[in-house]
Protein chains: 2
Amino acid sequence: MTETQPNCSIARTLDLVSDRWTFLILREAHLGTTRFADFRDYLGIAPNILANRLAAMVESGLLEKHEYRADGERTRSSYHLTPAGEDLKLVLAALQQWGDTHVPRKAGPTVLRRDTRSNDVVRVAFTTPDGNAVPPENVTFEPVPKGPADRSTWR
Amino acid sequence: MTETQPNCSIARTLDLVSDRWTFLILREAHLGTTRFADFRDYLGIAPNILANRLAAMVESGLLEKHEYRADGERTRSSYHLTPAGEDLKLVLAALQQWGDTHVPRKAGPTVLRRDTRSNDVVRVAFTTPDGNAVPPENVTFEPVPKGPADRSTWR
DNA sequence: TACCTGAGTTGCGCATCGAAACCCAGAACA
DNA sequence: TGTTCTGGGTTTCGATGCGCAACTCAGGTA
């Protein structure tokens, strides 16, 4: 087994998270869910699939499994976002924002993204390094000159 | 078949794009690929899967199929991003940015996001509506008060 | 002792995936 | 006129993976 890493960052990312359930588990984790039974009940996911996904996500560094013990109870497992998992907040927000505009729910969105300081609703957008907004139509994906020219090796 | 729409924007979005190949086809489309054979060769995707995905993406409004005829050639098919598909640029960029930092390639990234006006490298970030950057740790997902409280109906 | 609850595991039928092979129409060639 | 080439697919078929339902197992509770 040669276990080739794709050259494309999008492809490497998708190797870890492209699954629908993985995204939804991440959504729940970002909303504060940590326990197996809560993920199962909130998402309506089959327990074998959930166990499978959680293990894969721990394996790939998106979640950490902790054992904890509340007073007078036995130890339980909980799953917490790692910094890498936290950083996917931006991806989740981008997906959500797209869904809000392109496949809207008649009754309006169920979840907002809000700035805890100002209470403003937050958007995801392109910016320059110094924080100026860039209109999407001015953003291009540009292969780097030294990169592998053969597109088929990008995956 | 009741064909229920999930209440969660992320879930509704994932119904259209959660598949790994769908994302990679979108990446290629954003790089300018329009023809069946080019998608097939650049991605190394089996033609049945490609045909399947392209049809689904046309069906869900991410791509449009055009017939065109170059001088002295027969008509050919091409696939072009719709505005909705264009808007997924932000999601692709967010995935790519995450991959660049959390599963980096030793030889550096293969594709950059660049502002065609200033030539600056572009980042994806949270902003307020008036364009100020918001640090990710200050962004929370907040269920709207009137929304369905029962999380299990969100999907 | 029996029961409950959280956190899974196992078994099984069905759908989907993907590799390889095949197909078909139009142009180009001979 | 027939053959070949190429783009854009379709068909076949075996392997994988999904989700439901049922079961397990350990610790705490009545």
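Owing to the predicted nature of the structure, the values given are computational and were not obtained by experimental measurement. Throughout, a chain's letter reflects where its sequence line sits, starting with A, and its residues are numbered from 1.
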Peer 1: Could you pull out the closest heavy-atom pair between A/Arg12 and A/Asn7, with the gap in Å?
Peer 2: NH1-O, 3.1 Å
Peer 1: Nearest nucleotide by nearest heavy atom, which residue falls closer to the 5' end of DNA chain C, A/Pro47 or A/Arg76?
Peer 2: A/Arg76
Peer 1: With the side chain of B/Phe36 defined as its heavy atoms from C-beta on, choose the nearest nucleotide among D/dG9, C/dG6, D/dC18.
Peer 2: D/dG9
Peer 1: In whole angstrom, what separates A/Arg40's CZ from C/dT9's C1'?
Peer 2: 13 Å
Peer 1: Identify, residue by residue, the members of residues 48-59 of chain A with a heavy atom below 4.0 Å from DNA chain D, and return them in order of residue number, or none.
Peer 2: A/Asn48, A/Ile49, A/Arg53
Peer 1: May I have the distance from B/Arg74 (atom CZ) to D/dG8 (atom P), rounded to whole angstrom?
Peer 2: 7 Å
Peer 1: Quick one: do B/Thr82 and B/His80 satisfy side chain to side chain donor-acceptor pair (under 3.5 Å)? Show the steps, please.
Peer 2: CA-CA 6 Å; B/Thr82 61; B/His80 296 266; over 6 Å; no
Peer 1: Could you give the CD1-to-P distance, from B/Ile25 to C/dC17, as a whole number of Å?
Peer 2: 12 Å
Peer 1: Under the side-chain contact (heavy atoms from CB on, under 4.5 Å) criterion, do A/Leu16 and B/Val103 qualify, and how do the steps go?
Peer 2: CA-CA 10 Å; A/Leu16 308 184; B/Val103 278; 3.9 Å; yes
Peer 1: Rounded to whole angstrom units, what separation is found between the CD1 atom of B/Ile45 and the P atom of C/dC17?
Peer 2: 10 Å
Peer 1: Determine: side-chain N/O of B/Tyr68 to OP1/OP2 of D/dG8, distance under 4.0 Å, yes or no.
Peer 2: no
Peer 1: For B/Leu43 and D/dG9, what is the distance between atoms CG and P respectively, to the nearest whole Å?
Peer 2: 15 Å
Peer 1: Parallel, tilted or perpendicular, judged at 30° and 60°: which one describes the rings of A/Phe141 and B/His30?
Peer 2: perpendicular
Peer 1: Give the rounded distance in Å between these two atoms: CZ of A/Arg20 and C1' of C/dT16.
Peer 2: 16 Å
Peer 1: At less than 4.0 Å, is any side-chain N or O atom of B/Trp21 found next to OP1 or OP2 of C/dC17? Yes or no.
Peer 2: no
Peer 1: Taking only side-chain N and O atoms of A/Tyr79, does any of them lie within less than 4.0 angstrom of OP1 or OP2 on C/dG6?
Peer 2: no
Peer 1: Report which part of the nucleic acid B/Phe39 touches: base, sugar-phosphate, or nothing (heavy-atom distance under 4.0 Å, all strands).
Peer 2: nothing
Peer 1: Classify the side-chain pair B/Glu64/B/His66 by whether it contains a donor and acceptor separated by less than 3.5 Å.
Peer 2: yes
Peer 1: Under 4.0 Å between a Lys/Arg side-chain N and an Asp/Glu carboxylate O for B/Arg20 and A/Asp15?
Peer 2: yes
Peer 1: Looking at C/dG8, C/dA25, D/dG8, which one has an atom nearest to any side-chain atom of A/Lys65?
Peer 2: C/dG8
Peer 1: Show your reasoning for whether side chain to side chain donor-acceptor pair (under 3.5 Å) applies to B/Asp100 and A/Ser9.
Peer 2: CA-CA 6 Å; B/Asp100 284 343; A/Ser9 295; 2.3 Å; yes
Peer 1: Starting at atom CG of B/Asp41, determine the distance to atom P of C/dA19, rounded to an integer number of angstrom.
Peer 2: 14 Å
Peer 1: Rounding to a whole Å, what distance do you find between A/Asp19:CG and C/dC17:P?
Peer 2: 12 Å
